[in-house]
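A short worksheet on the structure shown next.
Just so it is clear, the model here is predicted, and its values are computed rather than measured. Counting convention: from 1, in listed order, for ligands and their atoms alike.
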Amino acid sequence: MKHLISAGDLSRDEALLILDTAEELARVSERSIKKLPTLRGRTVVNLFFEDSTRTRISFEAAAKRLSADVINFSAKGSSVSKGESLKDTALTLQAMGADAVVIRHPASGAPHRLANWVRGSVLNAGDGTHEHPTQALLDAFSMRQRLGRLEGLKVAIVGDILHSRVARSNVLLLATLGAEVTLVAPPTLLPVSVERWPCQVSYDLDAVLPKADVVMMLRVQLERMNAAYFPSAREYSRRYGLDRDRFAKLHDDAIVMHPGPMNRGMEISAEVADSPRSTIVEQVGNGVTVRMAALYLLIGGENQ
Ligand code: NCD
């Protein structure tokens with residue numbers, strides 16, 4: 001493994017290695033001194049061309065816990081045309097000797113291009129509506145932690161699939177790991193290509209919920225919408241929101257997930273988000289250990 005750009009690039013063994021490594025590293029996070037010397041002398045650059053809270057902070061925490069030098073570059077607001085500014089930035093990073101570049105970019109495919117321009121490893125922290133592989137890994141980690149397995153798990157991913165890199169990465173990774181995914185959304189919020197994804201599709205949340213072991217709610221990404229995809233927020237919520245009544249349809253061991261940021265009251269009610277069966281806060285904590293594992297496996301080797 002040189003880069004982590006798409007969840008679809010991971011074999012079953014590679015994905016499990018990341019999850020198992022994260023499990024070992026999680027023990028470090030429980031100690032009072034959280035630091036390991038593993039990446040001492042290595043440089044990790046966080047290159048964020050788009051807003052982020054959890055992902056940026058957790059990549060930074062992950063690199064620091066492994067003793068890497070961290071450079072945070074927040075490129076938002078640059079007026080240079082995207083391709084050019086990305087290439088120029090890449091050449092600068094190259095000159096600084098970055099061992100790993102973590103990139104979030106509004107253009108799908110940006111991490112892939114970056115990988116041609118830098119010598120270090122590229123980790124995709126979300127590119128447009130394309131992929132977000134470390135999110136899928138931390139989600140799989142959280143499911144395995146709560147439910148003890150991934151093989152055969154029934155996972156419903158609900159909401160704005162069209163704009164969601166989280167959904168795509170999760171579908172690809174979960175298929176590799178043997179879970180059964182059903183996407184649930186209004187037809188307007190499903191990509192045309194979904195027929196070729198390794199999953200089922202349903203428009204009926206109430207029919208899917210009783211069978212699900214995991215319900216992953218997605219944010220309605222209003223900032224990526226330039227047209228009306230549903231009649232009103234209220235109507236969306238009524239058909240596709242997870243409120244108390246719908247939550248009651250889940251079986252007793254089922255868990256509720258959300259990658260954040262949440263629109264409380266729209267796709268998920270506050271009560272459900274804060275319930276003991278919600279993993280939303282755990283997902284954030286697991287994000288640090290899973291990203292530690294990814295960095296360690298990509299740039300922690302002897303021959304770097
Ligand atoms: C997601 C993202 O940015 O892709 N958030 C995250 O990384 N935790 C999902 C979203 O923005 O809704």
Q. Is the shortest distance from a Lys or Arg side-chain nitrogen in Asp160 or Arg219 to a carboxylate oxygen in the other one below 4.0 Å?
A. no
Q. Under a 4.0 Å N-O cut-off, is there an ion pair linking Asp274 with Arg264?
A. yes
Q: Write down, by chain and number, every protein residue that brings a non-hydrogen atom to less than 4.0 Å from an atom of ligand 1.
A: Thr55, Arg104, His132, Gln135, Arg165, Val166, Arg219, Gln221, Pro259, Gly260, Pro261
Q: List in chain and number order the residues that pass ring-ring contact (aromatic ring centres under 6.0 Å, His included) with Tyr229, two or more places apart in sequence or in another chain; answer none if no residue qualifies.
A: His163
**Q.** Under the side-chain hydrogen bond (donor to acceptor under 3.5 Å, both in side chains) test, residues paired with Arg165 that sit two or more places apart
**A.**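 Expected list: Glu50.
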Q: Decide whether Glu131 and Ser169 meet the rule of one side-chain donor and one side-chain acceptor closer than 3.5 Å.
A: yes
Q: Please name all residues satisfying salt bridge (charged side-chain N to carboxylate O under 4.0 Å, His left out) with Arg65, sequence neighbours left out, ordered by chain then number.
A: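 Arg65 satisfies salt bridge (charged side-chain N to carboxylate O under 4.0 Å, His left out) with no other residue.
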